[in-house]
J.: 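Got a structure here, written out as structure tokens. Questions coming.
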Amino acid sequence: MDAIQAAPPPPLSRWQSTWRYLFAIITGAGFWTATFYNAYSWNLQPYLVLDLLLGAVSVVLMRWRRRYPLAIALLVSAIGGVSSAASGAVIVTAVSLATRRKWREIVPLAVMGVVASVVYFETQPGQAALAVSVLFTVVFVSAIIAIGMYIGARRDLLATLRERADRAEREQGLRVQQAQVTERARIAREMHDALAHRLSLVALHAGALEYCRGLSDAEVANAAAITRQSAHSALDDLHQILGVLRTLETDAPPERPQPTLVDLPSLVQEAVRAGTRVQLHNQIDNLSGAPDAIGRSAYRMIQESLTNARKHAPNTAVDVTLSGRPGGQLVLEVRNPLRVGSGTSATPGSGLGLLGLTERAELIGGRLEHTTSGGDFVVRAWLPWPA
């Protein structure tokens with residue numbers, strides 16, 4: 001059974017390819033020199049020439065060792081059985097094949113290597129004992145294969161580490177992008193909830209100043225004052241919300257506290273001063289007892305509902321009902337009559353207010369619905385209230 005599929009061998013640089021050829025030539029020359037003295041003493045000069053030519057052929061065959069690894073390794077190993085000058089090429093091609101770590105290739109190479117080496121030693125003049133030749137051959141071939149497999153395993157490890165690093169970098173980039181998208185959505189929701197209420201007041205009273213010609217000086221001054229105050233508050237909200245988009249600084253001021261249920265009476269009073277008829281029916285004894293996340297969401301839901309009533313059904317009465325207890329649910333309802341006729345506000349809207357409120361409720365495990373009932377437009381929300 002083959003080992004784990006090895007990573008494709010990386011391309012060789014000019015120097016990496018050169019030193020492999022130099023190693024094969026120098027090693028082959030060393031073995032051929034040792035054979036030279038032995039063969040010369042036995043008057044085998046023609047054999048030395050043939051040995052040298054076969055060694056040169058083996059070095060040339062190294063060029064295709066990566067394209068045809070098994071065929072080249074077996075051919076060069078077979079040449080090494082009759083040529084000492086091919087020894088360097090035998091080592092390089094065998095190591096190159098072993099880096100692939102495929103036993104169906106390594107086993108034939110090992111068999112060919114052992115046979116060729118034994119043949120070489122047994123055909124040399126003054127050969128050693130067969131047992132010595134076999135022992136040396138097995139150790140030599142095993143060492144070459146082990147070195148090649150180690151190089152292949154190390155190559156696979158480095159490739160795996162690079163892949164993991166690349167994957168971790170990509171995943172980190174995706175997490176950062178997701179965090180940015182989430183933060184932008186949160187900022188957009190906060191901007192809509194906070195600014196729509198203020199700007200609807202500005203549009204309402206600016207419209208009154210534009211179309212109501214018979215207002216007294218006191219009424220004009222009061223409408224202008226409310227317009228100025230609402231615009232100033234909207235600018236403050238915008239400044240605070242956009243502050244989170246700045247580059248984070250160590251000396252940046254802390255984020256201001258967000259409104260909760262405790263601030264609900266102030267919101268109702270502000271709407272009443274702006275001319276909206278609002279009745280708050282509070283059935284909760286302690287508004288500060290609700291968790292901040294729940295209270296903030298309820299505040300924004302009521303604020304957006306008042307804004308919608310002011311834009312789409314001006315001059316109607318709005319009833320806000322709040323009930324609930326710890327360990328159960330916080331229930332809120334905002335009800336206002338549907339506007340009869342076409343006298344709706346010209347204030348533009350994003351069309352995403354109710355959708356944003358629904359998302360806000362679902363994010364904290366609650367739910368929100370909006371419907372018409374008995375000629376009224378009703379917004380109801382059920383928010384979890386932990387004990």
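Throughout, numbering of the chain's residues begins at 1 and tracks the sequence.
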J.: What distance do S297 atom OG and D292 atom CG have between them, rounded to the nearest 0.5 Å?
T.: 10.5 Å
J.: Side-chain contact test, heavy atoms from C-beta onward, threshold under 4.5 Å: evaluate it for H281 versus D319 and give yes or no.
T.: yes
J.: About how many Å separate CG of D51 and CD1 of I79, when rounded to the nearest 0.5 Å?
T.: 11.0 Å
J.: Using a cut-off of 6.0 Å, state whether more than 12 heavy atoms not belonging to R14 lie near its atom CZ.
T.: no
J.: State plainly whether one hydrophobic cluster holds both V119 and M112, where clusters connect Ile, Leu, Val, Met, Phe, Trp and Tyr through side-chain heavy atoms under 4.5 angstrom apart.
T.: no
J.: Checking side chain to side chain contact (heavy atoms under 4.5 Å, CB included) for the pair W385/I284: CA distance, chi angles, key distance, verdict?
T.: CA-CA 12 Å; W385 189 343; I284 300 177; 4.0 Å; yes
J.: Can you get from V278 to L264 by hopping between Ile, Leu, Val, Met, Phe, Trp and Tyr side chains that sit under 4.5 Å apart?
T.: yes
J.: Counting neighbours of CD on Q16 that are heavy atoms of other residues, nucleotides or ligands and sit closer than 6.0 Å, is the number greater than 12?
T.: yes
J.: Would you give the length of the straight line joining atom CZ of R167 to atom CG of L174, rounded to the nearest 0.5 angstrom?
T.: 12.5 Å
J.: Using every non-hydrogen atom in the two residues, find where Y299 and D263 come nearest and quote the distance to one decimal.
T.: CE1-O, 3.5 Å
J.: On a heavy-atom basis, which atom in H370 and which in F377 lie closest, and how many Å separate them?
T.: CB-CZ, 3.9 Å
J.: How about I106 and M149: do any of their side-chain heavy atoms sit closer than 4.5 Å?
T.: yes
J.: State plainly whether one hydrophobic cluster holds both F23 and V59, where clusters connect Ile, Leu, Val, Met, Phe, Trp and Tyr through side-chain heavy atoms under 4.5 angstrom apart.
T.: yes
J.: What's the spacing between I144 CD1 and L109 CG if we round to 0.5 Å?
T.: 8.5 Å
J.: Nearest 0.5 Å, please: how far is CG in D166 from CG in L161?
T.: 11.0 Å
J.: How far apart are the closest heavy atoms of S83 and G55, and which atoms are they?
T.: OG-N, 3.5 Å
J.: Check whether any side-chain heavy atom of V90 sits under 4.5 Å from a side-chain heavy atom of F31, and report yes or no.
T.: no
J.: Restricting to non-hydrogen atoms, name the atom on A86 and the atom on S58 that form the minimum distance, rounded to 0.1 Å.
T.: CB-OG, 3.2 Å
J.: Going from CG on N336 to OG on S305, what distance comes out if it is rounded to the nearest 0.5 angstrom?
T.: 8.5 Å
J.: Specify the closest pair of heavy atoms between W103 and P108, including all atoms of both residues, with the distance to one decimal.
T.: O-CD, 4.1 Å
J.: Run the side-chain hydrogen bond (donor to acceptor under 3.5 Å, both in side chains) test on Q172 and R175 for me, step by step, so that the C-alpha distance in whole Å, both residues' side-chain angles and the decisive distance to 0.1 Å come before the verdict.
T.: CA-CA 5 Å; Q172 177 65 17; R175 285 193 294 268; 2.9 Å; yes
J.: Between L383 and M301, is a side chain to side chain contact (heavy atoms under 4.5 Å, CB included) present by the stated rule, with each step listed?
T.: CA-CA 11 Å; L383 307 179; M301 292 174 184; 3.8 Å; yes
J.: Is there a side-chain contact between I91 and F140 in this structure, where contact means two heavy atoms from C-beta onward sitting under 4.5 Å apart?
T.: yes
J.: Do N282 and P265 touch side chain to side chain, with heavy atoms closer than 4.5 Å?
T.: no
J.: What are the two closest non-hydrogen atoms of A290 and L261, and how far apart are they?
T.: CB-CD1, 3.8 Å
J.: So with a 6.0 Å cut-off around CD of Q279, is the heavy-atom count from everything else above 12?
T.: no
J.: Going only through I, L, V, M, F, W and Y residues with side-chain contacts under 4.5 Å, is there a path from L61 to Y68?
T.: yes
J.: Before giving the answer on side chain to side chain contact (heavy atoms under 4.5 Å, CB included), spell out for L50 and L54 the whole-Å C-alpha distance, their side-chain angles and the decisive distance to 0.1 Å.
T.: CA-CA 6 Å; L50 178 61; L54 291 175; 4.2 Å; yes
J.: Check the hydrophobic clustering (I, L, V, M, F, W, Y; side-chain heavy atoms under 4.5 Å; chains of links allowed) and say if V107 and L70 are grouped together.
T.: no
J.: Only distances under 3.5 Å count here; give the side-chain donor-acceptor pairs of residues 320-332 to other protein atoms, sequence neighbours excluded, each with its distance to 0.1 Å.
T.:
none

J.: Verify the neighbour count for atom CG of D285: are there more than 12 heavy atoms of other residues, nucleotides or ligands below 6.0 Å?
T.: no
J.: Would you mind checking if E304 and R300 are paired as a salt bridge, meaning a charged N to carboxylate O distance below 4.0 Å?
T.: no
J.: Treating T99 as the side-chain partner and S96 as the backbone partner, does any N or O pair qualify as donor plus acceptor under 3.5 Å?
T.: yes
J.: If you count heavy atoms of other groups shown closer than 6.0 angstrom to CZ of R67, is the number above 12?
T.: no
J.: Does the side chain of I147 come within less than 4.5 Å of I151's, by heavy atoms?
T.: yes
J.: Would you say the side chain of E270 lies within less than 4.5 Å of the side chain of L267, judging by non-hydrogen atoms?
T.: yes
J.: Do the side chains of R380 and R367 get nearer than 4.5 Å, heavy atoms only?
T.: no
J.: Would you please test N308 and K311 for side chain to side chain contact (heavy atoms under 4.5 Å, CB included) and show each step?
T.: CA-CA 5 Å; N308 288 339; K311 289 193 300 182; 4.0 Å; yes
